[in-house]
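This report refers to the structure that appears directly beneath it.
Every chain is numbered from 1 and lettered A, B, ... according to where its sequence line falls, protein lines coming before strand lines. Both backbone and side-chain heavy atoms feed into the values below; hydrogens, waters and symmetry mates do not.
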Number of protein chains: 2
Amino acid sequence: MPKVETAPEGRSSVERIVDFLYKEITSMRMLPGTRISETDIAGKFGVSRQPVREAFTHLANMDLILVRPKRATEVKKLSIKAIEKSRFVRAAVEAAALREAVKHCDAAAGFQLEALLALQKKALAERDYRAFSKLDYDFHKTVCDIGKVPYAFEVIREEKEKVDRLCMLGLAKEDRMPLLVEDHEEITDAIKAGDAERAVDAGMLHLTRLDDTIKSIRINSAAYFDDNA
Amino acid sequence: MPKVETAPEGRSSVERIVDFLYKEITSMRMLPGTRISETDIAGKFGVSRQPVREAFTHLANMDLILVRPKRATEVKKLSIKAIEKSRFVRAAVEAAALREAVKHCDAAAGFQLEALLALQKKALAERDYRAFSKLDYDFHKTVCDIGKVPYAFEVIREEKEKVDRLCMLGLAKEDRMPLLVEDHEEITDAIKAGDAERAVDAGMLHLTRLDDTIKSIRINSAAYFDDNA
DNA sequence: TTGTCAATTCTTGTATCCCAGATTGAATAC
DNA sequence: GTATTCAATCTGGGATACAAGAATTGACAA
């Protein structure tokens, strides 16, 4: 018998609470500045305050909430500095991954990218943003895999998550799909051509697609931001 | 009245505990695999288990300890994968920072680097590793500042801390000083010359200086490592 | 001597209680 | 009417007590 892992309705109390709050916050259902109380959450989950406290510590370490002792705990506001840092790290890692991908690209790798591109065009034609989202994820992961730097994608994903919350405020994600597919196409061509600089340039251009979104959100939703750096 | 910040003997209990354990672990006074008990630490600090638990959560999030429920908590072993990831991120960020530094370098920036170099040579001549260590820190920070990417250095520092623990096992750090200063010299020259590729190459070479150390430690101290990837 | 099993004793997880600081709003003095 | 003060109340911080799981150690039998 393989030994059942039990886990009746999740795992531990704190994990369930962390998961719940994480999703609430990153999906922007809980807006920055929202105050959350240990007691409330404890009541909502039918547990004592202790697990909630630990969950809070977790989320605080993730920079998602701000615990102000004796005052209150609230959903952390977005920080321009943090976003810029994230943006920079992502660009640096993405560039490095692309250079490695160019170095290690072979015929099979080229086909992998082309296959993903085809699927993306299909999703684009069907205006299936959900599918495209997954394919976008796969594309960048594949680039990292081709470059034999799997950890690069971990970093990219981590940094991406940090700004994903913000993008929930942006509208009309569907409109940007064609542009993104074009970018992927250019990146693929550059990698297949073995042109590292062109691949990096395309990758960097690809990243700038986010900048406008961020800028407009920053203006329209200034209340959710913290520093004005 | 400026309002005294109190803080009798530090800050909060958990912060003191985190600081203590952090130093113990990163200085390798507590070796990987060492078991630590909430009760013990609580007793040692004269507090209850609660603050200790929170401190543990912190350290677990930093990947320094491993909490195994109902079993025990122990100092986390070193992970080859984590080291490679850290190494990659650092290289990527360092490269990006160097490119930016080249872009923004002016006469004043050049003098800053030269000044640091002179101090480093002085420390080298005096075999003052402690001073050199600080100057090395300053050098890389200055590069990031020149490139107007201050957050880059934050990342570099964070990643550096992750492998610093490991370097405690290495000996004869003094012997590598001349090589490191030479590297800094080459990096400075390349930046001043406005040659981005040369600067990046020099920076990458600089990073490889660590690789031998890591490799030898990995062999000599295999017991402290986790995965054998 | 060795293998098995059970009780004991560790470990962390959770609940409950009390405490101190901070906010807030009402009452009071001006 | 305005400003100040003080107390009720809400916040998180910490201590203690209890629960549950895993490892260890001991006895006992083969």
Side-chain angles (χ1 to χ4, degrees), chain A residues 1-21 24-25 30 32-77, chain B residues 1-21 25 30-77:
Chain A
M1 195 98 54
K3 178 108 173 280
V4 195
E5 218 18 43
T6 67
E9 34 169 328
R11 286 128 317 201
S12 134
S13 301
V14 320
E15 288 182 42
R16 276 186 297 136
I17 297 171
V18 167
D19 280 1
F20 173 76
L21 289 175
E24 286 293 303
I25 295 173
M30 271 185 170
T34 306
R35 284 172 53 153
I36 45 185
S37 139
E38 290 182 357
T39 320
D40 287 355
I41 305 293
K44 195 167 297 190
F45 277 83
V47 297
S48 90
R49 275 180 47 217
Q50 225 48 47
V52 180
R53 283 176 63 74
E54 302 216 5
F56 277 25
T57 326
H58 252 93
L59 294 162
N61 286 354
M62 289 193 251
D63 252 18
L64 285 178
I65 68 176
L66 178 67
V67 178
R68 293 187 305 172
K70 310 298 174 70
R71 228 157 304 180
T73 296
E74 57 183 43
V75 179
K76 198 157 186 181
K77 299 201 172 183
Chain B
M1 208 86 58
K3 179 111 170 277
V4 193
E5 218 19 45
T6 67
E9 35 169 327
R11 290 126 316 202
S12 130
S13 303
V14 319
E15 287 182 45
R16 275 187 297 135
I17 297 170
V18 168
D19 280 1
F20 173 76
L21 289 175
I25 295 173
M30 271 185 170
L31 294 171
T34 306
R35 284 172 51 155
I36 44 185
S37 141
E38 292 180 358
T39 320
D40 286 355
I41 304 295
K44 197 167 295 188
F45 278 82
V47 297
S48 91
R49 276 180 48 218
Q50 225 50 46
V52 180
R53 283 179 63 74
E54 303 212 7
F56 276 25
T57 317
H58 248 93
L59 294 162
N61 284 13
M62 287 193 252
D63 253 19
L64 286 178
I65 67 176
L66 178 67
V67 177
R68 294 187 307 173
K70 308 299 174 69
R71 226 156 305 180
T73 297
E74 57 184 43
V75 178
K76 200 159 183 179
K77 297 199 172 182

- prompt: Does A/R49 make a side-chain donor-acceptor contact with the base of D/dG13, cut-off 3.5 Å?
  reply: yes
Presence of B/T73 side-chain N/O under 4.0 Å of C/dT12 phosphate oxygens OP1/OP2: yes
field: Point-to-point distance, once rounded to the nearest 0.5 Å, from CG of A/L59 to CG of B/N61
entry: 9.5 Å
- prompt: Starting at CZ of A/F45 and ending at P of C/dG13, how long is that distance when rounded to a whole Å?
  reply: 18 Å
query: About how many Å separate OG1 of A/T34 and NZ of A/K76, when rounded to the nearest 0.5 Å?
result: 15.0 Å
Distance in angstrom units between B/E74 CD and C/dT11 C1', rounded: 12 Å
query: Could you give the CZ-to-C1' distance, from A/R35 to D/dC10, as a whole number of Å?
result: 9 Å
- prompt: Is the distance from OP1 or OP2 of D/dG14 to the nearest side-chain N or O of B/S13 less than 4.0 Å?
  reply: yes
statement: note: B/R71, atom CZ; D/dA23, atom P; distance rounded to Å ~ 5 Å
field: 5' precedence on DNA chain C between A/K70 and A/G46 (nearest-nucleotide basis)
entry: A/G46
- request: Quickly work out the B/I17 CD1 to D/dA15 P distance and round it to whole Å.
  value: 9 Å
Nearest-Å distance for atom pair CD/P, residues A/E38 and C/dT16: 15 Å
Phosphate contact (D/dG13 OP1 or OP2) by A/R53 side-chain N/O below 4.0 Å: yes
field: Atom pair CG/CZ of A/L66 and A/F56 - distance to nearest 0.5 Å
entry: 11.5 Å
statement: Of C/dT14, D/dG12, C/dT11, the nucleotide closest to the side chain of A/V67 is D/dG12
message: Does A/R68, at its CZ atom, have more than 12 non-hydrogen atoms belonging to other residues, nucleotides or ligands within less than 6.0 Å?
response: yes
field: Rounded distance in Å - CD1 (B/I65) to C1' (C/dT12)
entry: 12 Å
query: To the nearest Å, how far apart are A/Q50 CD and D/dC18 C1'?
result: 13 Å
- prompt: Are OP1 or OP2 of D/dT16 and a side-chain N or O of B/S48 less than 4.0 angstrom apart?
  reply: no
Non-hydrogen side-chain atoms of B/V47 and B/I17 separated by less than 4.5 Å: yes
